[in-house]
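Down below is the structure, laid out as structure tokens.
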Amino acid sequence: MDNKVLVVDDMELNRELLKEMLESSYDVLLAENGKCAMEMLHQYQEEISVVLLDLMMPEIDGLEACMRIREFSNVPIIMLTARSEDTDKIIGFECGAD
């Protein structure tokens, strides 16, 4: 498959559920934290169609990862979070989420 989706979440269950839902239409890459996501994006940058990025993760959280991704890529980024406050959404958009 040409279209790759990068799923970034520190919870293995979430990664696997998203993979199961998407794998019939996309080649799904999995990363357990922002650091791994950055490495995968550098490796597969031209092939990744969208990043599904968890907000709360160890090492590099979703907001930091989003800002770093924006330094070298315009790939669409969708934030995955349990947070629902408007301020959280605004911060996500300000960091570069779509």
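Numbers here simply count residues along the sequence, with the first being 1. Just so you know, these numbers use all the heavy atoms, side chains as well, and skip hydrogens, waters and symmetry mates.
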Nearest 0.5 Å please: distance from the [atom1] atom of [X] over to the [atom2] atom of [Y].
{"X": "Asn14", "Y": "Lys19", "atom1": "CG", "atom2": "NZ", "result": "15.0 Å"}
{"X": "Cys36", "Y": "Leu29", "atom1": "SG", "atom2": "CG", "result": "12.0 Å"}
{"X": "Gln43", "Y": "Gln45", "atom1": "CD", "atom2": "CD", "result": "12.0 Å"}

Inset, instruction - List for me each residue that meets side chain to side chain contact (heavy atoms under 4.5 Å, CB included) alongside Leu17, sequence neighbours excluded, and say none if there are none. - result: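 Result, side chain to side chain contact (heavy atoms under 4.5 Å, CB included) vs Leu17: Leu13.
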Legend entry - Residues in side chain to side chain contact (heavy atoms under 4.5 Å, CB included) contact with Glu12, at least two apart in sequence or another chain: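 With neighbours one apart ignored, the set is Arg15, Glu16.
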Legend entry - Hydrophobic cluster partners of Met11 (side-chain heavy atoms under 4.5 Å):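 When side chains under 4.5 Å apart are linked, Met11 ends up in no cluster with other residues.
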Would you mind writing out the side-chain donor-acceptor pairs for residues 56-66 within the sub-3.5 Å range, not counting sequence neighbours?
from	atom 1	to	atom 2	distance (Å)
Asp61	OD1	Leu63	N	3.1
Asp61	OD1	Glu64	N	2.8
Glu64	OE2	Arg68	NE	3.0

Inset, instruction - Please report the closest heavy-atom contact between Leu6 and Ala31, naming both atoms and the distance. - result: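 Of all heavy-atom pairs spanning Leu6 and Ala31, the closest is CD1-CB, 4.1 Å.
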Legend entry - Minimum side-chain heavy-atom gap Leu22-Leu52 below 4.5 Å: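 Of all side-chain heavy-atom pairs linking Leu52 with Leu22, at least one is under 4.5 Å.
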Inset, instruction - Using the salt bridge (Lys or Arg N to Asp or Glu O under 4.0 Å) rule, collect all pairs that involve residues 30-39, keeping only residues at least two apart or in two chains. - result: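 Applying salt bridge (Lys or Arg N to Asp or Glu O under 4.0 Å) to every pair that reaches into residues 30-39, excluding sequence neighbours, yields nothing.
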Inset, instruction - Name all residues meeting the side-chain hydrogen bond (donor to acceptor under 3.5 Å, both in side chains) criterion together with Asp54; count only those two or more places apart in sequence or in a different chain, and write none if there are none. - result: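 With sequence neighbours excluded, Asp54 shows a side-chain hydrogen bond (donor to acceptor under 3.5 Å, both in side chains) to no residue whatsoever.
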Could you tabulate the donor-acceptor pairs under 3.5 Å formed by side-chain atoms of residues 70-78, not counting sequence neighbours?
from	atom 1	to	atom 2	distance (Å)
Arg70	NE	Gly96	O	2.9
Arg70	NH1	Ser73	O	3.0
Arg70	NH1	Val75	O	2.9
Arg70	NH2	Val75	O	2.9
Arg70	NH2	Gly96	O	3.1
Arg70	NH2	Asp98	OD2	3.0
Ser73	OG	Val75	N	3.1

